[in-house]
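Have a look at the structure below, then the notes.
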Amino acid sequence: MEMQEVHDNMFLPLPGLPPILITRTEGVYLYDSTGARFIDASGGPMAVTIGLGRKEVAEAAKKAVEEVSYILPIFASESRIELTKRIKKRLPPELNEVYFCSGGSEANEAAVKFARQYHVLAGRESRYKVMSRDLSYHGMTLLTLSIGDVKMRQRDFLPMLWRNPRVAPHYCYRCPFGKEYPKCDIDCALDLEKKILEEGPDTVAAFIVEPVVASAGGGLVPPPEYFPIVRETCDKYDVLLIVDEVVTGFGRTGRNMGMDHFGVIPDIATFAKGASSAYAPLAGMAVRGSLTDLFKEKSAEFQHLYTFSAHPLSCAVANEVQRIIDDEDLVARAARMGDYLGKKLRDLEELPMVGDVRGKGLLRSVEFVRDKASKEPLPKEKKVKMDIITTCLLKGVFFYPGYWEDEQGRGDHIMIAPPFIITEEQIDECVGVLQETVEEMQPMLLG
Ligand SMILES: Cc1ncc(COP(=O)(O)O)c(C=O)c1O
(Lines give C-alpha, C1' and ligand atoms only; values in the text may rest on other atoms or scores of the structure.)
Protein backbone atom coordinates (compact mmCIF):
# COMPACT_ATOMS: atom_id res chain seq x y z
CA MET A 1 0.00 0.00 0.00
CA GLU A 2 1.28 3.49 -0.90
CA MET A 3 2.06 5.74 2.09
CA GLN A 4 0.04 8.55 0.52
CA GLU A 5 -3.01 6.28 0.59
CA VAL A 6 -2.37 5.60 4.28
CA HIS A 7 -2.02 9.31 5.00
CA ASP A 8 -5.18 10.23 3.05
CA ASN A 9 -7.27 7.73 4.96
CA MET A 10 -6.24 8.68 8.48
CA PHE A 11 -8.41 11.30 10.23
CA LEU A 12 -6.10 14.27 10.89
CA PRO A 13 -2.80 12.37 11.16
CA LEU A 14 -0.49 13.60 13.94
CA PRO A 15 1.53 16.54 12.60
CA GLY A 16 5.23 15.70 12.31
CA LEU A 17 4.75 11.93 12.44
CA PRO A 18 5.43 10.07 9.16
CA PRO A 19 2.61 7.69 8.12
CA ILE A 20 3.36 4.21 9.44
CA LEU A 21 1.31 1.21 8.40
CA ILE A 22 1.55 -1.51 11.05
CA THR A 23 0.92 -4.89 9.47
CA ARG A 24 1.77 -7.28 12.32
CA THR A 25 2.21 -7.26 16.09
CA GLU A 26 3.90 -9.93 18.17
CA GLY A 27 5.22 -9.97 21.72
CA VAL A 28 6.68 -6.51 22.39
CA TYR A 29 7.10 -5.79 18.66
CA LEU A 30 5.21 -3.80 16.04
CA TYR A 31 6.15 -4.54 12.39
CA ASP A 32 5.42 -2.07 9.60
CA SER A 33 4.73 -2.59 5.91
CA THR A 34 8.42 -2.10 5.03
CA GLY A 35 9.43 -4.86 7.44
CA ALA A 36 10.83 -2.44 10.04
CA ARG A 37 10.46 -3.56 13.66
CA PHE A 38 9.70 -1.35 16.66
CA ILE A 39 9.71 -2.23 20.35
CA ASP A 40 6.48 -0.95 21.88
CA ALA A 41 8.19 0.41 24.99
CA SER A 42 5.00 1.98 26.31
CA GLY A 43 2.60 -0.91 25.67
CA GLY A 44 0.52 1.45 23.49
CA PRO A 45 -0.83 4.01 25.96
CA MET A 46 0.48 2.05 29.01
CA ALA A 47 -2.05 -0.67 28.24
CA VAL A 48 -0.55 -3.86 26.81
CA THR A 49 0.46 -6.33 29.51
CA ILE A 50 0.59 -9.93 28.20
CA GLY A 51 2.24 -8.98 24.89
CA LEU A 52 0.78 -8.59 21.43
CA GLY A 53 -0.66 -11.11 19.00
CA ARG A 54 -1.35 -14.04 21.34
CA LYS A 55 -3.14 -16.95 19.68
CA GLU A 56 -5.00 -18.02 22.85
CA VAL A 57 -6.74 -14.65 22.94
CA ALA A 58 -7.65 -14.88 19.25
CA GLU A 59 -9.21 -18.28 19.91
CA ALA A 60 -11.18 -16.98 22.90
CA ALA A 61 -12.49 -14.14 20.72
CA LYS A 62 -13.53 -16.52 17.94
CA LYS A 63 -15.32 -18.79 20.41
CA ALA A 64 -17.14 -15.83 21.97
CA VAL A 65 -18.48 -14.63 18.62
CA GLU A 66 -19.62 -18.11 17.68
CA GLU A 67 -21.33 -18.76 21.04
CA VAL A 68 -22.83 -15.44 22.21
CA SER A 69 -22.09 -12.63 19.76
CA TYR A 70 -24.14 -9.91 21.50
CA ILE A 71 -26.59 -9.55 24.35
CA LEU A 72 -27.97 -6.50 26.11
CA PRO A 73 -25.96 -5.84 29.27
CA ILE A 74 -29.02 -6.68 31.39
CA PHE A 75 -28.29 -10.35 30.53
CA ALA A 76 -25.29 -12.34 31.69
CA SER A 77 -22.80 -14.27 29.61
CA GLU A 78 -20.60 -17.01 31.06
CA SER A 79 -17.47 -15.05 30.17
CA ARG A 80 -18.79 -12.01 32.00
CA ILE A 81 -19.37 -14.02 35.17
CA GLU A 82 -15.94 -15.69 34.90
CA LEU A 83 -14.27 -12.34 34.34
CA THR A 84 -16.08 -10.77 37.29
CA LYS A 85 -14.83 -13.56 39.54
CA ARG A 86 -11.24 -13.17 38.29
CA ILE A 87 -11.33 -9.39 38.76
CA LYS A 88 -12.73 -9.72 42.28
CA LYS A 89 -9.80 -11.98 43.18
CA ARG A 90 -7.42 -9.13 42.40
CA LEU A 91 -9.33 -6.62 44.52
CA PRO A 92 -9.90 -6.16 48.25
CA PRO A 93 -13.03 -8.17 49.26
CA GLU A 94 -14.87 -4.93 50.09
CA LEU A 95 -14.97 -3.97 46.39
CA ASN A 96 -17.30 -6.78 45.48
CA GLU A 97 -19.61 -5.30 42.86
CA VAL A 98 -18.17 -5.03 39.34
CA TYR A 99 -19.71 -2.98 36.53
CA PHE A 100 -18.35 -3.15 32.95
CA CYS A 101 -18.13 -0.59 30.18
CA SER A 102 -15.84 0.05 27.20
CA GLY A 103 -13.09 2.55 28.04
CA GLY A 104 -11.33 4.35 30.85
CA SER A 105 -13.07 7.70 30.30
CA GLU A 106 -16.41 5.95 30.38
CA ALA A 107 -15.46 4.08 33.56
CA ASN A 108 -14.53 7.31 35.34
CA GLU A 109 -17.70 8.96 34.10
CA ALA A 110 -19.62 5.96 35.50
CA ALA A 111 -17.86 6.27 38.87
CA VAL A 112 -18.67 9.97 39.16
CA LYS A 113 -22.31 9.35 38.25
CA PHE A 114 -22.49 6.46 40.70
CA ALA A 115 -21.13 8.66 43.49
CA ARG A 116 -23.68 11.38 42.76
CA GLN A 117 -26.58 8.94 42.54
CA TYR A 118 -25.47 7.27 45.77
CA HIS A 119 -25.57 10.59 47.63
CA VAL A 120 -28.99 11.42 46.15
CA LEU A 121 -30.34 8.06 47.34
CA ALA A 122 -28.78 8.70 50.76
CA GLY A 123 -30.72 11.97 51.02
CA ARG A 124 -27.67 14.20 50.41
CA GLU A 125 -28.90 15.95 47.24
CA SER A 126 -26.60 18.92 47.78
CA ARG A 127 -23.50 16.87 47.05
CA TYR A 128 -22.43 17.07 43.41
CA LYS A 129 -18.84 18.37 43.28
CA VAL A 130 -16.05 16.03 42.32
CA MET A 131 -12.69 17.06 43.67
CA SER A 132 -9.56 16.01 41.85
CA ARG A 133 -5.88 16.91 41.69
CA ASP A 134 -3.75 19.12 39.55
CA LEU A 135 -1.58 16.96 37.27
CA SER A 136 -4.12 14.23 36.74
CA TYR A 137 -5.82 12.65 33.75
CA HIS A 138 -9.13 10.85 33.85
CA GLY A 139 -10.29 10.83 30.23
CA MET A 140 -11.44 12.66 27.12
CA THR A 141 -15.19 13.13 27.56
CA LEU A 142 -16.19 16.64 28.59
CA LEU A 143 -16.89 15.51 32.16
CA THR A 144 -13.63 13.60 32.57
CA LEU A 145 -11.66 16.37 30.81
CA SER A 146 -13.07 18.76 33.43
CA ILE A 147 -11.98 16.55 36.27
CA GLY A 148 -8.50 16.04 34.87
CA ASP A 149 -5.75 18.58 34.40
CA VAL A 150 -4.07 18.10 31.04
CA LYS A 151 -3.91 21.65 29.79
CA MET A 152 -3.23 20.92 26.13
CA ARG A 153 -6.26 18.59 25.98
CA GLN A 154 -8.50 21.15 27.76
CA ARG A 155 -7.39 24.41 26.13
CA ASP A 156 -9.93 24.65 23.26
CA PHE A 157 -12.84 23.49 25.40
CA LEU A 158 -12.41 25.64 28.51
CA PRO A 159 -15.80 27.42 28.28
CA MET A 160 -17.50 24.03 28.11
CA LEU A 161 -15.81 22.45 31.12
CA TRP A 162 -17.08 22.32 34.72
CA ARG A 163 -15.51 24.41 37.39
CA ASN A 164 -13.94 21.65 39.31
CA PRO A 165 -12.28 22.05 42.73
CA ARG A 166 -8.63 21.02 42.63
CA VAL A 167 -6.19 19.76 45.22
CA ALA A 168 -2.39 20.06 45.04
CA PRO A 169 -0.50 17.10 43.54
CA HIS A 170 2.26 15.05 45.19
CA TYR A 171 4.85 16.23 42.68
CA CYS A 172 7.84 15.93 45.00
CA TYR A 173 10.38 16.90 42.31
CA ARG A 174 8.62 20.27 41.99
CA CYS A 175 6.76 20.42 45.30
CA PRO A 176 3.88 22.94 44.99
CA PHE A 177 4.58 23.97 48.62
CA GLY A 178 8.34 24.40 48.04
CA LYS A 179 9.09 21.68 50.60
CA GLU A 180 11.09 18.48 50.54
CA TYR A 181 10.00 15.00 51.61
CA PRO A 182 10.32 13.71 54.35
CA LYS A 183 10.70 17.09 56.07
CA CYS A 184 7.36 18.29 54.65
CA ASP A 185 4.08 17.68 56.51
CA ILE A 186 2.57 15.90 53.46
CA ASP A 187 0.86 19.21 52.77
CA CYS A 188 -0.44 17.83 49.47
CA ALA A 189 -2.55 15.28 51.39
CA LEU A 190 -3.67 17.89 53.95
CA ASP A 191 -4.74 20.13 51.07
CA LEU A 192 -7.77 17.88 50.52
CA GLU A 193 -9.35 18.80 53.86
CA LYS A 194 -8.57 22.48 53.29
CA LYS A 195 -10.30 22.42 49.88
CA ILE A 196 -13.30 20.40 51.13
CA LEU A 197 -13.84 23.02 53.85
CA GLU A 198 -13.47 25.86 51.34
CA GLU A 199 -16.06 24.28 49.02
CA GLY A 200 -18.40 23.27 51.85
CA PRO A 201 -18.44 19.57 52.77
CA ASP A 202 -22.18 19.35 52.03
CA THR A 203 -21.46 20.00 48.35
CA VAL A 204 -18.69 17.45 47.78
CA ALA A 205 -19.63 14.02 46.42
CA ALA A 206 -16.26 12.43 45.68
CA PHE A 207 -12.49 12.79 45.36
CA ILE A 208 -10.87 11.07 42.36
CA VAL A 209 -7.16 10.20 42.17
CA GLU A 210 -4.70 7.95 40.37
CA PRO A 211 -2.69 5.73 42.78
CA VAL A 212 0.48 6.47 40.78
CA VAL A 213 0.00 9.37 38.37
CA ALA A 214 0.55 8.19 34.79
CA SER A 215 1.11 10.50 31.82
CA ALA A 216 -0.35 13.70 33.35
CA GLY A 217 2.52 13.93 35.82
CA GLY A 218 4.85 11.13 34.75
CA GLY A 219 5.04 8.27 37.24
CA LEU A 220 4.35 10.36 40.35
CA VAL A 221 4.43 8.03 43.34
CA PRO A 222 2.90 9.42 46.55
CA PRO A 223 4.75 9.16 49.85
CA PRO A 224 3.49 6.30 52.07
CA GLU A 225 1.64 8.71 54.39
CA TYR A 226 -0.40 10.19 51.53
CA PHE A 227 -3.28 7.75 51.03
CA PRO A 228 -3.97 7.04 54.73
CA ILE A 229 -4.43 10.80 55.25
CA VAL A 230 -6.69 11.05 52.17
CA ARG A 231 -8.80 8.07 53.32
CA GLU A 232 -9.25 9.56 56.78
CA THR A 233 -10.29 12.92 55.32
CA CYS A 234 -12.81 11.34 52.93
CA ASP A 235 -14.32 9.35 55.82
CA LYS A 236 -14.50 12.43 58.02
CA TYR A 237 -16.58 14.34 55.45
CA ASP A 238 -18.56 11.47 53.82
CA VAL A 239 -16.74 12.04 50.55
CA LEU A 240 -16.39 8.93 48.35
CA LEU A 241 -12.82 8.04 47.38
CA ILE A 242 -12.63 7.05 43.70
CA VAL A 243 -9.33 5.58 42.62
CA ASP A 244 -8.57 5.66 38.90
CA GLU A 245 -6.74 2.38 38.26
CA VAL A 246 -7.17 2.69 34.48
CA VAL A 247 -3.39 2.53 34.01
CA THR A 248 -2.23 1.06 37.31
CA GLY A 249 -4.73 -1.82 37.54
CA PHE A 250 -3.86 -5.46 36.82
CA GLY A 251 -0.16 -5.54 37.55
CA ARG A 252 1.29 -2.43 35.92
CA THR A 253 3.01 -1.23 39.11
CA GLY A 254 4.10 -4.72 40.17
CA ARG A 255 1.09 -5.42 42.42
CA ASN A 256 -2.42 -6.46 41.39
CA MET A 257 -3.76 -2.93 41.81
CA GLY A 258 -1.86 0.33 42.30
CA MET A 259 -3.56 0.88 45.66
CA ASP A 260 -2.08 -2.38 46.99
CA HIS A 261 1.12 -0.42 47.64
CA PHE A 262 -0.59 1.94 50.05
CA GLY A 263 -2.79 -0.19 52.32
CA VAL A 264 -5.91 1.87 51.69
CA ILE A 265 -9.21 0.64 50.25
CA PRO A 266 -11.14 3.10 48.07
CA ASP A 267 -14.91 3.23 47.71
CA ILE A 268 -14.74 2.80 43.96
CA ALA A 269 -11.85 1.61 41.76
CA THR A 270 -12.08 2.16 38.01
CA PHE A 271 -10.09 0.09 35.54
CA ALA A 272 -9.53 -0.32 31.76
CA LYS A 273 -6.40 -0.83 29.62
CA GLY A 274 -4.69 -3.75 31.42
CA ALA A 275 -7.99 -5.50 32.13
CA SER A 276 -7.96 -6.79 28.54
CA SER A 277 -4.30 -5.95 27.77
CA ALA A 278 -5.90 -3.69 25.11
CA TYR A 279 -7.04 -6.70 23.03
CA ALA A 280 -10.63 -5.44 23.24
CA PRO A 281 -12.44 -2.36 24.60
CA LEU A 282 -13.13 -3.39 28.18
CA ALA A 283 -13.24 -1.19 31.26
CA GLY A 284 -15.27 -0.84 34.40
CA MET A 285 -15.49 -0.06 38.05
CA ALA A 286 -15.52 -2.10 41.25
CA VAL A 287 -17.66 -0.64 44.01
CA ARG A 288 -18.04 -1.35 47.72
CA GLY A 289 -21.04 -3.62 48.26
CA SER A 290 -22.03 -1.40 51.17
CA LEU A 291 -22.74 1.36 48.60
CA THR A 292 -24.63 -0.75 46.08
CA ASP A 293 -26.76 -2.06 48.99
CA LEU A 294 -28.47 1.32 49.09
CA PHE A 295 -29.48 0.96 45.43
CA LYS A 296 -30.84 -2.51 46.19
CA GLU A 297 -32.78 -1.35 49.26
CA LYS A 298 -34.42 1.42 47.25
CA SER A 299 -34.83 -0.70 44.08
CA ALA A 300 -32.96 2.07 42.28
CA GLU A 301 -31.42 1.60 38.85
CA PHE A 302 -27.90 2.91 38.17
CA GLN A 303 -28.52 5.44 35.38
CA HIS A 304 -25.61 4.56 33.13
CA LEU A 305 -25.88 2.00 30.37
CA TYR A 306 -24.24 1.74 26.96
CA THR A 307 -24.91 -0.55 24.03
CA PHE A 308 -21.43 -2.00 24.42
CA SER A 309 -21.35 -2.31 28.24
CA ALA A 310 -20.13 -5.79 29.28
CA HIS A 311 -19.88 -6.80 25.62
CA PRO A 312 -19.55 -10.61 25.50
CA LEU A 313 -16.61 -10.47 23.08
CA SER A 314 -14.67 -8.04 25.31
CA CYS A 315 -15.50 -10.06 28.43
CA ALA A 316 -14.29 -13.30 26.82
CA VAL A 317 -11.08 -11.66 25.65
CA ALA A 318 -10.39 -10.04 29.04
CA ASN A 319 -11.17 -13.30 30.80
CA GLU A 320 -8.50 -15.06 28.72
CA VAL A 321 -6.04 -12.23 29.34
CA GLN A 322 -6.59 -12.51 33.10
CA ARG A 323 -6.10 -16.29 32.89
CA ILE A 324 -2.76 -15.76 31.15
CA ILE A 325 -1.67 -13.20 33.77
CA ASP A 326 -2.39 -15.78 36.49
CA ASP A 327 -0.95 -18.84 34.75
CA GLU A 328 2.26 -17.04 33.77
CA ASP A 329 2.59 -15.16 37.06
CA LEU A 330 2.89 -11.91 35.12
CA VAL A 331 2.21 -9.54 38.02
CA ALA A 332 5.33 -10.85 39.76
CA ARG A 333 7.19 -10.57 36.46
CA ALA A 334 6.07 -6.93 36.11
CA ALA A 335 7.54 -6.25 39.57
CA ARG A 336 10.85 -7.94 38.63
CA MET A 337 11.19 -6.32 35.21
CA GLY A 338 10.03 -3.02 36.73
CA ASP A 339 12.91 -3.10 39.21
CA TYR A 340 15.33 -3.81 36.38
CA LEU A 341 13.90 -1.03 34.20
CA GLY A 342 14.00 1.41 37.14
CA LYS A 343 17.68 0.59 37.78
CA LYS A 344 18.65 1.02 34.12
CA LEU A 345 16.76 4.32 33.86
CA ARG A 346 18.36 5.65 37.03
CA ASP A 347 21.75 5.25 35.28
CA LEU A 348 20.52 8.00 32.90
CA GLU A 349 20.38 10.45 35.84
CA GLU A 350 24.05 11.15 35.05
CA LEU A 351 23.03 12.90 31.82
CA PRO A 352 22.82 16.70 32.17
CA MET A 353 19.42 16.87 30.47
CA VAL A 354 17.79 14.23 32.69
CA GLY A 355 16.18 16.02 35.64
CA ASP A 356 14.22 13.21 37.27
CA VAL A 357 13.59 9.50 36.86
CA ARG A 358 10.55 8.11 38.70
CA GLY A 359 7.71 5.61 38.76
CA LYS A 360 6.88 2.15 40.04
CA GLY A 361 6.95 -1.31 38.49
CA LEU A 362 6.56 -1.08 34.72
CA LEU A 363 5.18 2.47 34.89
CA ARG A 364 8.24 4.71 34.61
CA SER A 365 8.99 8.22 33.44
CA VAL A 366 11.98 10.42 32.63
CA GLU A 367 11.71 14.21 32.92
CA PHE A 368 14.09 16.36 30.87
CA VAL A 369 15.30 19.80 31.94
CA ARG A 370 17.48 22.61 30.67
CA ASP A 371 19.25 23.02 33.99
CA LYS A 372 19.58 20.23 36.51
CA ALA A 373 20.28 22.49 39.51
CA SER A 374 17.41 24.95 38.99
CA LYS A 375 15.13 22.31 37.34
CA GLU A 376 14.36 24.88 34.63
CA PRO A 377 12.34 23.20 31.86
CA LEU A 378 13.52 23.24 28.25
CA PRO A 379 12.12 25.93 25.91
CA LYS A 380 8.62 25.14 24.65
CA GLU A 381 9.45 25.87 21.02
CA LYS A 382 12.14 23.15 20.97
CA LYS A 383 9.40 20.47 21.31
CA VAL A 384 11.98 18.23 22.99
CA LYS A 385 9.82 15.33 24.11
CA MET A 386 8.25 14.87 20.65
CA ASP A 387 11.70 15.10 19.08
CA ILE A 388 13.00 12.42 21.43
CA ILE A 389 9.97 10.21 20.75
CA THR A 390 10.21 10.56 16.96
CA THR A 391 13.97 9.99 16.89
CA CYS A 392 13.69 6.92 19.10
CA LEU A 393 10.85 5.61 16.91
CA LEU A 394 13.03 5.92 13.83
CA LYS A 395 15.66 3.93 15.75
CA GLY A 396 13.11 1.21 16.52
CA VAL A 397 11.71 2.03 19.98
CA PHE A 398 8.37 3.70 20.74
CA PHE A 399 7.93 5.76 23.93
CA TYR A 400 4.77 7.61 25.03
CA PRO A 401 4.61 11.36 25.74
CA GLY A 402 3.81 12.79 29.15
CA TYR A 403 1.71 15.93 29.54
CA TRP A 404 3.04 17.97 32.47
CA GLU A 405 3.57 21.62 31.55
CA ASP A 406 4.26 24.75 33.58
CA GLU A 407 2.42 28.10 33.28
CA GLN A 408 4.53 28.91 30.21
CA GLY A 409 3.60 25.65 28.49
CA ARG A 410 7.07 24.18 29.07
CA GLY A 411 7.58 20.59 30.17
CA ASP A 412 9.10 17.44 28.71
CA HIS A 413 8.74 13.96 30.01
CA ILE A 414 8.18 10.57 28.44
CA MET A 415 6.57 7.37 29.68
CA ILE A 416 8.13 3.91 29.58
CA ALA A 417 5.54 1.21 30.27
CA PRO A 418 6.26 -1.93 28.25
CA PRO A 419 4.34 -5.22 28.22
CA PHE A 420 5.13 -7.40 31.26
CA ILE A 421 6.70 -10.10 29.05
CA ILE A 422 9.57 -7.78 28.09
CA THR A 423 13.03 -9.27 28.71
CA GLU A 424 16.11 -7.65 30.27
CA GLU A 425 17.80 -7.61 26.84
CA GLN A 426 14.83 -5.75 25.32
CA ILE A 427 14.88 -3.27 28.23
CA ASP A 428 18.61 -2.72 27.60
CA GLU A 429 17.82 -1.97 23.95
CA CYS A 430 15.08 0.55 24.86
CA VAL A 431 17.20 2.37 27.44
CA GLY A 432 20.22 2.26 25.09
CA VAL A 433 18.28 3.95 22.28
CA LEU A 434 16.96 6.59 24.71
CA GLN A 435 20.44 7.29 26.10
CA GLU A 436 21.99 7.57 22.63
CA THR A 437 19.22 9.94 21.49
CA VAL A 438 19.52 12.20 24.54
CA GLU A 439 23.31 12.28 24.21
CA GLU A 440 22.98 13.34 20.56
CA MET A 441 20.47 16.10 21.38
CA GLN A 442 22.04 17.53 24.54
CA PRO A 443 24.85 19.59 22.94
CA MET A 444 22.36 21.46 20.72
CA LEU A 445 19.85 22.04 23.50
CA LEU A 446 22.11 22.83 26.44
CA GLY A 447 24.80 24.67 24.46
C1 LIG B 1 -5.27 7.50 34.38
C2 LIG B 1 -6.17 7.44 33.18
N3 LIG B 1 -7.49 7.49 33.38
C4 LIG B 1 -8.35 7.44 32.33
C5 LIG B 1 -7.90 7.33 31.05
C6 LIG B 1 -8.88 7.31 29.90
O7 LIG B 1 -8.97 6.03 29.37
P8 LIG B 1 -9.50 5.80 27.87
O9 LIG B 1 -8.48 6.35 26.94
O10 LIG B 1 -9.64 4.30 27.78
O11 LIG B 1 -10.82 6.48 27.76
C12 LIG B 1 -6.53 7.25 30.80
C13 LIG B 1 -6.01 7.12 29.41
O14 LIG B 1 -4.85 7.20 29.14
C15 LIG B 1 -5.64 7.33 31.90
O16 LIG B 1 -4.32 7.32 31.71
Side-chain angles (χ1 to χ4, degrees), residues 40 42-49 99-114 130 132-154 157 164 169-171 206-222 241-253 257-259 261 266 268-286 304 306 308-311 314 317-318 321 358-365 389 398-404 413-418:
D40 186 1
S42 65
M46 305 159 287
V48 179
T49 61
Y99 167 92
F100 292 112
C101 48
S102 318
S105 311
E106 213 184 89
N108 285 329
E109 189 115 3
V112 167
K113 286 174 73 182
F114 181 89
V130 180
S132 61
R133 288 188 308 212
D134 286 337
L135 296 194
S136 62
Y137 179 65
H138 301 293
M140 284 284 193
T141 61
L142 286 174
L143 184 144
T144 52
L145 258 190
S146 307
I147 305 168
D149 176 44
V150 175
K151 295 187 178 55
M152 83 175 230
R153 298 267 186 239
Q154 292 175 322
F157 307 101
N164 175 56
H170 49 75
Y171 189 9
F207 178 48
I208 183 166
V209 278
E210 295 162 75
V212 174
V213 179
S215 55
L220 303 181
V221 183
L241 176 58
I242 304 172
V243 165
D244 176 343
E245 297 258 16
V246 165
V247 170
T248 49
F250 306 106
R252 175 59 61 197
T253 64
M257 306 305 279
M259 283 305 279
H261 294 282
I268 304 175
T270 60
F271 56 83
K273 303 186 190 263
S276 69
S277 186
Y279 275 83
L282 189 282
M285 63 173 176
H304 197 71
Y306 292 99
F308 296 129
S309 298
H311 194 286
S314 296
V317 162
V321 166
R358 51 186 182 246
K360 222 174 189 41
L362 284 174
L363 182 62
R364 303 275 168 177
S365 179
I389 288 171
F398 179 69
F399 296 108
Y400 193 76
Y403 296 108
W404 172 76
H413 68 259
I414 60 163
M415 303 302 300
I416 306 108

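Throughout, residue positions are numbered sequentially from 1 according to the sequence presented. As the structure lists them, so they are numbered: ligands from 1, and atoms in each ligand from 1. In this text the structure is predicted, and so the values were computed from the model without any measurement.
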Nearest heavy-atom contact between G104 and A283 is N-CB, 4.0 Å
For Y400 and Y403, take the angle between the two ring planes, folded into 0 to 90°, and tell me which bin it lands in: parallel under 30, tilted 30 to 60, perpendicular over 60.
perpendicular
According to the interplanar angle, ranging from 0 to 90°, do the rings of F271 and F250 count as parallel (below 30°), tilted (30 to 60°) or perpendicular (above 60°)?
perpendicular
Which parts of the protein, at residue level, reach under 4.0 Å of ligand 1 through a heavy atom?
G103, G104, S105, N108, Y137, H138, G139, E210, D244, V246, V247, K273
R358: salt bridge (charged side-chain N to carboxylate O under 4.0 Å, His left out) partners, not counting sequence neighbours
D356, E367
If the condition is side chain to side chain donor-acceptor pair (under 3.5 Å), which residues does D149 pass it with, not counting sequence neighbours?
K151
For A269, what residues pass the side-chain contact (heavy atoms from CB on, under 4.5 Å) criterion, not counting sequence neighbours?
L95, E245, P266
